[in-house]
Amino acid sequence: MRPLEGVRILDLSQAYAGPFCTMNLADHGAEVIKIERPGVGDQARTWGPMKNGESGFHANLNRNKSGMTLDLKTEEGKEIFRRLLKTADVVCENYKVGVLEKLGFSYEAMREINPRIIYGNITGYGLEGPLAQRPCYDIVAQAMGGMMDVTGFGDGLPTKVGPAIADNYTGALLAIGILMALYRREKTGEGCHIDVAMVDTMIHILDHFIIDYTILGEKHSRSGNNDQSIAPFDSFAAKDGMFVLACGTDGMFAKLCGLMARPDLQADARYATNYDRCCHYETLKPEIERWSVGKTVDELEEEILGAGIPFGRIQDVEQVVKHPQTKARNMLWEVDQPGMGRIVITGTPIKMSCEEDKLIKAAPTLGEDNARILHSLGYSGEELTLLAEKGVI
């Protein structure tokens with residue numbers, strides 16, 4: 001039995017952050033009913049990679065979910081949603097602030113229908129504050145939340161982190177919030193409202209950049225691949241490529257000095273402690289690189305790992321996909337996706353002894369489960385036909 005079996009989630013979200021949240025819950029057994037606009041669907045259905053006119057992005061984010069279409073602007077659509085609310089545990093959405101309220105489904109209104117309902121929403125800036133009404137996408141959140149300013153090299157431009165971390169990290173935090181709310185409900189019988197904002201998430205994960213400023217008044221910005229709180233913790237050149245190493249303790253640095261046959265570096269007062277090494281890193285890195293450029297990445301991997309120091313090759317996506325470690329961890333799932341054929345998507349990183357680590361079902365086609373879900377709510381075949389003719393579904 002998967003841990004979230006029996007939990008029903010009404011997923012009104014689209015694009016990335018909300019669907020990423022519900023994907024993680026669906027992967028572990030929650031019944032997620034993805035509700036989309038009739039004839040249009042989630043905007044992610046138009047995002048590449050495309051195959052046979054179908055989106056791999058959408059297929060990846062919406063696996064393991066059921067799918068229905070519903071026009072919530074119609075009275076019939078609202079009535080269907082009210083019936084669904086009575087059967088649900090969670091509602092998840094990432095509309096602009098106030099959209100669901102305008103449709104008549106504020107948290108208070110939903111709670112009147114189902115006092116146990118848990119309502120989770122993602123917005124760009126949160127439900128209050130001077131920017132609350134602004135629309136937001138990942139790049140905007142990374143910019144406004146300070147992430148772009150601290151990413152990249154000092155002599156370069158502010159840079160977006162490659163993956164959409166404002167989206168997926170915010171989605172992951174909402175999933176955590178939903179799980180906490182479900183646990184609380186087991187004790188109290190009450191639902192609650194969970195409000196998670198993308199810009200808040202970026203602030204939350206800025207780690208030392210925030211506290212360097214709030215505690216010391218120091219304003220740090222881009223520093224390339226090195227960590228400003230740990231040294232050496234960076235990328236380096238080898239004879240035939242690049243690699244990274246991370247010395248998180250004085251003991252690891254001592255071992256690195258031993259590998260380099262440089263006891264003088266270990267004895268140098270400038271490098272005596274981690275804090276000292278951070279303060280004088282501009283002179284330390286060239287010393288390490290004088291040693292590393294004389295060796296191949298293979299040689300460095302054997303020596304550095306042999307000394308117990310964390311080491312990594314800088315792999316491209318093809319190398320990641322084909323690496324035996326990726327296969328061993330079952331981090332790629334094959335799926336027969338309607339309209340696309342057999343494709344490969346990412347697996348779940350949450351491995352649990354109580355469940356099989358495999359896909360349950362492909363992402364739904366638009367409105368795939370309309371009949372099954374509406375029949376379960378008491379609608380007849382004739383009513384379904386009428387609802388479809390009116391464009392409600």
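Quick caveat, the model's predicted, so the values are computed rather than measured.
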Heavy-atom side-chain contact between Met202 and Gln142 under 4.5 Å: yes
Could you check, using the six-membered ring where one of them is a Trp, whether His220 and Phe209 have ring centers closer than 6.0 angstrom? no
Can you confirm whether Leu386 sits close enough to Glu383 that some side-chain heavy atom of one is under 4.5 Å from a side-chain heavy atom of the other? no
Does the Lys NZ or Arg CZ of Lys78 fall within the cation-pi geometry relative to Phe105 - under 6.0 Å from the ring centre and within 45° of the axis? no
Might you confirm whether atom NZ of Lys102 has over 12 heavy atoms from other residues, nucleotides or ligands at distances under 6.0 Å? no
Tell me whether Glu190 is salt-bridged to Arg111, with the criterion being a basic N under 4.0 Å from an acidic carboxylate O. no
Common cluster, Ile205/Ile210, ILVMFWY with side-chain heavy-atom separation under 4.5 Å: yes
Indicate whether the side chain of Asn121 and that of His193 have a donor and an acceptor atom separated by less than 3.5 Å. yes
With side chains defined as the heavy atoms from C-beta onward, is the minimum distance between Pro38 and Ile393 less than 4.5 Å? no
With a cut-off of 6.0 Å (strictly less than), are more than 12 heavy atoms of other residues, nucleotides or ligands near CD of Glu356? no
Please tell me if the side chains of Leu245 and Met252 come closer than 4.5 Å, counting only heavy atoms from C-beta onward. no
Mutual orientation of the aromatic rings belonging to Phe253 and Tyr271 [parallel < 30°, tilted 30-60°, perpendicular > 60°]: perpendicular
Ion pair Asp357/Arg329, N-O distance below 4.0 Å: no
Keeping the roles fixed (side chain from Ser292, backbone from Ala237), state whether a donor-acceptor pair exists under 3.5 Å. yes
Determine the minimum heavy-atom distance between Gly145 and Val199, stating which atoms define it. CA-CG1, 4.0 Å
N/O donor to acceptor pairs below 3.5 angstrom from side-chain atoms of residues 155-165, sequence neighbours left out:
| from | atom 1 | to | atom 2 | distance (Å) |
| --- | --- | --- | --- | --- |
| Thr159 | OG1 | Leu157 | O | 2.9 |
| Lys160 | NZ | Gly162 | O | 2.7 |

Salt-bridge criterion met for Asp27 and Arg2 (N-O under 4.0 Å): no
Sort and list the pairs that fulfil ring-ring contact (aromatic ring centres under 6.0 Å, His included) and have at least one residue in residues 51-79, not counting sequence neighbours. Tyr16-Phe57, Trp47-Phe57
What distance separates Cys92 SG from Ile122 CD1, expressed to the nearest 0.5 Å? 5.5 Å
Any pair counted as ring-ring contact (aromatic ring centres under 6.0 Å, His included), so long as it reaches residues 272-327, sequence neighbours left out: Phe243-Phe311
Distance (rounded to the nearest 0.5 Å) between Ile230 CD1 and Thr249 OG1: 10.0 Å
When Tyr125 is tested against each of Val97, Val140, Asp200 for side chain to side chain contact (heavy atoms under 4.5 Å, CB included), which residue passes? Val140
For Glu299, look at atom CD and say whether over 12 heavy atoms of other residues, nucleotides or ligands are found less than 6.0 Å away. yes
Is the shortest heavy-atom distance from the side chain of Asp89 to the side chain of Ile118 under 4.5 Å? no
Are Asp71 and Lys73 within salt-bridge range, i.e. N to O under 4.0 Å? no
Validation row: Pro19, Ser13 side chains within 4.5 angstrom (heavy atoms): yes
ILVMFWY network linking Leu25 to Ile360, side-chain heavy atoms under 4.5 angstrom: no
Determine the minimum heavy-atom distance between Ala307 and Leu259, stating which atoms define it. CB-CD1, 3.9 Å
So do the side chains of Arg270 and Leu284 get within less than 4.5 Å of each other, counting heavy atoms only? no
Is there side-chain contact between Asn226 and Cys278, with heavy atoms separated by less than 4.5 Å? no
Hey, are Asp149 and Ser221 close enough side-chain-wise for a donor-acceptor pair under 3.5 Å? yes
Please determine whether a side-chain nitrogen of the Lys or Arg among Glu54 and Lys51 lies less than 4.0 Å from a carboxylate oxygen of the Asp or Glu. no
Linking I/L/V/M/F/W/Y whenever any side-chain heavy atoms sit under 4.5 Å apart, do Met147 and Val196 land together? yes
Pair Lys295 + Glu303, salt bridge at N-O below 4.0 Å: yes
Between Lys351 and Thr348 (side chain of the first, backbone of the second, donor and acceptor by atom type, cut-off under 3.5 Å), is there such a pair? yes
Where the side chain of Asp11 meets the backbone of Val32, is there a donor-acceptor pair that is under 3.5 Å apart? no
Can you see whether Thr22 engages Lys65 through a side-chain donor-acceptor pair at a distance of less than 3.5 angstrom? yes
